[in-house]
Asker: 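Got a structure for you, written out below as structure tokens; questions coming shortly.
Numbered from 1 within each chain, the chains take letters A, B, ... in sequence-line order.
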Number of protein chains: 2
Amino acid sequence: MKESVTGCSIEEAMRLLGGCWRLLLVSYLVDGPKRFNALRRDVPHISQRMLTLDLRALEEAGLVARTVYPEVPVKVEYALTADGQRLLPVVAVMKEFGLWLKGRLE
Amino acid sequence: MKESVTGCSIEEAMRLLGGCWRLLLVSYLVDGPKRFNALRRDVPHISQRMLTLDLRALEEAGLVARTVYPEVPVKVEYALTADGQRLLPVVAVMKEFGLWLKGRLE
DNA sequence: CAGTATCCCCAGAGATACTG
DNA sequence: CAGTATCTCTGGGGATACTG
């Protein structure tokens with residue numbers, strides 16, 4: 001899918017959350033701010049490049065805030081914004097569905 | 001993302017629902033069975049190929065049932081299975097989020 | 001009507017190396 | 001530590017034409 005033409009709301013949402021990583025990243029931010037490398041550890045199979053790009057996208061959408069602490073070495077924290085909290089139901093529902101999916105395999 | 005290694009539930013769910021179209025297709029099936037070309041009309045920008053592939057994937061996952069009526073010309077209906085009903089909360093939540101996303105632009 | 005079958009292409013993503 | 005910068009490649013997906 002290239003770009004929205006219909007303007008359908010699900011389409012919009014899926015465009016932003018499409019790609020497997022973004023919702024996953026958000027799910028790791030629900031318990032509070034995390035640093036870049038902490039997220040890398042949480043999601044070991046994401047490439048550094050994708051982690052950066054996905055975080056930037058979420059930031060641009062106003063769902064995640066990026067805070068730089070000018071220490072040495074630099075410290076950067078990512079946190080859900082108030083708007084980002086709106087993703088919590090999405091994360092919850094998706095996690096529940098995923099659990100069911102997995103449980104069904106046995 | 002190629003394949004799941006973590007087995008994280010959100011990852012599983014997003015692998016199945018990833019790609020913008022699948023949840024969208026499901027959302028058009030909530031009101032009852034639909035025929036192939038009806039879905040094409042609902043989602044005008046999906047290619048025929050992708051529509052087929054996505055429906056097959058949902059079918060293989062047991063979320064959508066495909067029924068062929070051997071009339072002439074053939075009639076094929078797609079419907080949510082009992083398992084597929086588990087997607088309803090996902091669809092609902094995603095639609096709500098999408099609506100909020102769109103509303104925020106003004 | 002409801003699909004296959006092909007061909008083709010490019011953007012999305014991995015790997016690696018470098019830097020403020 | 002938290003990123004850029006490149007370079008590369010592949011497979012997801014579009015367009016088109018054909019068929020039971």
Asker: Please state how far atom CZ in B/Arg15 lies from atom P in D/dG12, giving the value in whole angstrom units.
Answerer: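 Computing the B/Arg15:CZ to D/dG12:P distance gives 12 Å.
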Asker: Using heavy-atom distances to pick each residue's nearest nucleotide on DNA chain C, tell me which of A/Gln48 and B/Phe36 is more 5'.
Answerer: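 Its nucleotide being nearer the 5' end, the pick is B/Phe36.
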Asker: Starting at CG of A/Leu51, measure out to CZ of A/Arg56 and round the result to the nearest 0.5 Å.
Answerer: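 Those atoms lie 9.5 Å apart.
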Asker: Test A/Tyr78 against every option in A/Lys34, A/Arg66, A/Arg35, A/Glu59 by the side-chain hydrogen bond (donor to acceptor under 3.5 Å, both in side chains) rule and name the one that passes.
Answerer: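 The single option meeting the side-chain hydrogen bond (donor to acceptor under 3.5 Å, both in side chains) with A/Tyr78 is A/Arg66.
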Asker: Mind checking who C/dC7 pairs with, Watson-Crick or G-U wobble, both distances under 3.5 Å?
Answerer: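 Here C/dC7 is engaged in a pair, and the nucleotide opposite it is D/dG14.
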Asker: From CG of B/Asp42 over to P of C/dA2, roughly how many Å is that when rounded to an integer?
Answerer: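 These atoms are roughly 13 Å apart.
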Asker: Using modelled atom types and a 3.5 Å cut-off, is there a donor and acceptor pairing between side-chain atoms of B/Thr81 and backbone atoms of B/Gly62?
Answerer: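 Indeed, once roles are kept as given, a pair shorter than 3.5 Å links the two residues.
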Asker: Please state how far atom CE in A/Met50 lies from atom C1' in D/dG3, giving the value in whole angstrom units.
Answerer: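 My rounded result for the distance is 14 Å.
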Asker: Quick one: on DNA chain C, does A/Ile46 or A/Val74 contact a more 5' nucleotide (nearest heavy atom)?
Answerer: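 Whichever sits nearer the 5' end wins; that is A/Ile46.
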Asker: Does atom CD of B/Glu96 have more than 12 heavy-atom neighbours, drawn from other residues, nucleotides or ligands, at distances under 6.0 Å?
Answerer: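 Not buried by this count: 12 neighbours or fewer within 6.0 Å.
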Asker: Take the protein atom CZ of B/Arg40 and the nucleotide atom P of C/dA2, then report the distance between them rounded to whole Å.
Answerer: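 These atoms are roughly 10 Å apart.
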Asker: Check this one for me: any side-chain N or O of B/Arg35 less than 4.0 Å away from OP1 or OP2 of C/dC1?
Answerer: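 Looking at the OP1 and OP2 atoms of C/dC1, neither is under 4.0 Å from any side-chain N or O of B/Arg35.
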Asker: So, does A/Arg22 use its side chain to make a donor-acceptor pair with the main chain of A/Leu58 at under 3.5 Å?
Answerer: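 A pair under 3.5 Å: no.
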Asker: Using 0.5 Å steps for rounding, measure from the CG atom of B/Leu29 to the CG atom of B/Leu87.
Answerer: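 With rounding to 0.5 Å, CG (B/Leu29) is 10.0 Å from CG (B/Leu87).
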Asker: With sugar-phosphate meaning primed atoms plus P, OP1 and OP2, does A/Arg49 contact a base, only sugar-phosphate, or nothing at under 4.0 Å between heavy atoms?
Answerer: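 Answer is base: heavy atoms of A/Arg49 come under 4.0 Å of a base.
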Asker: Starting from P on C/dG12, measure out to CH2 on A/Trp21 and report it in whole angstrom.
Answerer: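 After rounding, the gap between these two atoms is 16 Å.
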Asker: In whole Å, what is the span from the CG atom of B/Asn37 to the C1' atom of C/dG3?
Answerer: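 So the two atoms are 9 Å apart, to the nearest Å.
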Asker: Counting only heavy atoms and a strict 4.0 angstrom limit, can you tell me which residues of residues 51-67 of chain A come near DNA chain D?
Answerer: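 Those residues whose heavy atoms fall under 4.0 Å from DNA chain D, taken from residues 51-67 of chain A in numerical order, are A/Thr52, A/Arg56, A/Arg66.
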Asker: Can you tell me the Watson-Crick or wobble partner of C/dG20, both distances under 3.5 angstrom?
Answerer: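 Check on C/dG20: paired to D/dC1, both distances under 3.5 Å.
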Asker: Is the distance from OP1 or OP2 of C/dG3 to the nearest side-chain N or O of B/Tyr78 less than 4.0 Å?
Answerer: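 So the side chain of B/Tyr78 is within the cut-off, an N or O lying under 4.0 Å from OP1 or OP2 of C/dG3.
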Asker: Just to verify, what does B/Arg86 make a side-chain hydrogen bond (donor to acceptor under 3.5 Å, both in side chains) with, not counting sequence neighbours?
Answerer: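 B/Arg86 satisfies side-chain hydrogen bond (donor to acceptor under 3.5 Å, both in side chains) with no residue once adjacent residues are dropped.
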Asker: Taking atom C1' of C/dC1 as reference, at what distance in whole Å does atom CD of B/Glu71 sit?
Answerer: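 After rounding, the reported distance stands at 11 Å.
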